[in-house]
Amino acid sequence: MGTCICDLSLLGLICSNQRMWLTRPSCFPAVTSGRRECTVLKRGVAKVWVPERWGRKSDWRSPSVDLQQQIMTIVDELGKASAKAQHLPAPITSASRMQSNRHVMYVLKDTSARPAGKGAIIGFLKVGYKKLFVLDDREAHNEVEPLCILDFYIHESLQRHGHGRELFHYMLQKERVEPHQLAIDRPSQKLLKFLNKHYNLETTVPQVNNFVIFEGFFAHQHRPPAPSLRASRHSRAAAIDSTPAAPARKLPPKRAEGDIKPYSSSDREFLKVAVEPPWPLNRAPRRATPPAHPPPRSSSLGNSPERGPLRPFVPEQELLRSLRLCPPHPTARLLLATDPGGSPAQRRRTRSASEEQVLSQAGSGEEHMHTVSPQAQALPAQAWTMGGNIFNARFIRNLQDLRSTRPW
Ligand SMILES: CC(=O)SCCNC(=O)CCNC(=O)[C@H](O)C(C)(C)COP(=O)(O)OP(=O)(O)OC[C@H]1O[C@@H](n2cnc3c(N)ncnc32)[C@H](O)[C@@H]1OP(=O)(O)O
């Protein structure tokens with residue numbers, strides 16, 4: 001793939017459709033700035049870049065370089081805005097990612113009611129063909145290469161105005177696909193509702209990967225046979241099968257098998273790796289109130305993962321194992337010995353400890369499970385502050401109970 005962003009099919013799109021082309025990059029970030037929207041749109045309009053003027057020296061000192069840079073900036077800004085709207089920790093659409101993938105980005109621009117040839121970006125839709133293994137309704141694996149919806153964003157102030165539909169419809173026509181032939185990469189609730197409303201897509205076929213497909217997906221899909229038979233049966237199938245071809249792959253040549261990661265080919269996978277620091281830094285703080293944006297999850301998705309911020313997750317077992325490395329404070333041991341029943345919290349802790357003991361006995365060969373380095377294990381007991389703190393706190397509380405010295 002070359003470095004020129006023209007390869008992204010963006011320019012073809014820009015030239016081929018009057019309604020879908022790009023403004024100068026300074027326009028879009030301004031559009032996203034909330035209440036200043038009207039002013040900003042006007043300001044954006046004043047700076048709008050029109051295709052006919054690409055070559056004008058006054059606009060572009062070095063058109064080829066500037067043009068590339070401008071479009072890259074726009075793509076980056078669009079990606080950021082989309083990530084923000086979806087509460088993703090990092091953009092999944094960027095110029096550099098576009099350059100390394102064969103994705104196509106459809107950009108919707110508003111030209112109406114603006115001075116001639118000027119406008120602002122309304123939103124975008126990113127699609128691409130991906131090799132996937134998907135389950136059908138009999139839970140059989142199918143190797144397919146459908147067109148996937150990878151990213152979709154309409155500016156906040158313009159959502160629910162039909163722009164999304166317009167953009168989607170345009171893409172369907174250009175790509176010559178039916179909505180039920182698409183695979184969707186971790187759709188948001190909004191997108192699910194959108195698809196349901198405009199295309200009656202409701203019943204999903206449960207998958208084990210991040211993609212969502214809908215009933216009817218397999219209606220016209222080629223089902224590749226077993227690899228050993230693939231070559232001969234493919235040609236036979238082509239001769240026999242007169243059904244209209246599903247969105248069979250039509251863009252890139254076949255990649256080396258090593259490049260294909262069927263179960264991790266979601267564009268969003270990298271987010272997990274990118275944002276999650278190592279334990280214990282990945283422990284999410286406890287929240288008294290629910291998060292402002294609860295991670296949306298489709299009830300009909302089955303195992304489709306959450307789209308919200310990829311909240312770090314520490315399994316309880318791992319926590320227990322780590323506690324093994326935190327011997328209780330000596331004074332706490334005394335308390336534990338003298339207080340066998342204790343409060344429910346106490347019992348929980350005791351149970352954890354006994355569970356811990358079991359783990360400890362059973363886990364002699366599972367050192368690799370530990371997240372604490374051997375150096376950390378070698379630290380003196382007083383350095384293990386976590387368990388010590390817990391028991392110290394309890395010890396002090398019990399002491400205060402006994403002495404009635406608590407101020408409340
Ligand atoms: C694979 C992926 O890309 S998943 C990511 C999808 N993108 C996002 O979630 C980003 C935030 N959302 C958006 O950008 C937009 O809402 C889109 C792209 C999903 C839809 O674009 P819009 O221009 O709003 O769609 P359009 O106006 O054509 O259709 C509206 C319908 O979409 C759905 N919809 C749009 N916004 C919402 C919302 N806030 N809540 C619930 N449903 C919504 C509804 O079905 C709505 O119909 P209704 O108003 O009668 O209830």
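Indexing begins at 1, ligand by ligand and atom by atom, following the structure's order.
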*N/O of Tyr153 under 3.5 Å from N/O of ligand 1, yes or no?*
no

Correct closest heavy-atom pair for Pro206 and Thr204 would be CD-O, 3.6 Å

Give yes or no for whether the N/O distance cutoff of 3.5 Å, strictly under, is met between Gly164 and ligand 1.
yes

task: Evaluate whether atom NE2 of His169 has more than 12 neighbouring non-hydrogen atoms of other residues, nucleotides or ligands under 6.0 angstrom away.
output: no

With heavy atoms and a 4.0 Å threshold, my read on which part of Lys190 contacts ligand 1 is both

Here the atoms of ligand 1 under 4.0 Å from any heavy atom belonging to Lys197 are 45 (O), 47 (O), 48 (P), 50 (O)

The atoms of ligand 1 lying under 4.0 Å from a heavy atom of His161, numbered in the order shown, are 27 (O)

The side-chain contact (heavy atoms from CB on, under 4.5 Å) partners of His163 (sequence neighbours excluded) come to Leu108, Ile122, Ile154, Leu158, His161, Glu166

| message | Taking the ring centre of each residue, are Tyr106 and Phe168 less than 6.0 Å apart? | response | no

Taking only non-hydrogen atoms of Arg165 and a 4.0 Å limit, the atoms of ligand 1 in range are 28 (O)

(message) Please determine whether any non-hydrogen atom of His198 lies less than 4.0 Å from an atom of ligand 1.
(response) yes

- Polar-atom distance check: Ile154 versus ligand 1, any N or O pair below 3.5 Å? yes

Looking only at heavy atoms, the pair that brings Pro91 and Lys80 closest together is CG-CG, 3.9 Å

Ala85 versus ligand 1: do any nitrogen or oxygen atoms come within less than 3.5 Å of each other?
no

Spell out, as yes or no, whether a donor-acceptor pair under 3.5 Å connects the side chain of Asn142 to the backbone of Val144.
-> no

Note: ligand 1 atoms sitting under 4.0 Å from heavy atoms of Ser188 are 4 (S), 5 (C), 6 (C), 7 (N), 8 (C), 9 (O)

Residue set satisfying side-chain contact (heavy atoms from CB on, under 4.5 Å) with Ser82, at least two apart, ordered chain then number -> Gln86, Phe124, Asp151, Tyr153

Check your understanding: Any N/O of Lys193 closer than 3.5 Å to an N/O of ligand 1?
Key -> yes

>> Would you say Glu175 and Tyr170 are linked by a side-chain donor-acceptor pair, where the criterion is simply a distance under 3.5 Å?
In response: no

_Geometry only, no angles: is Phe152 polar-contacting ligand 1 at N/O separations under 3.5 Å?_
yes

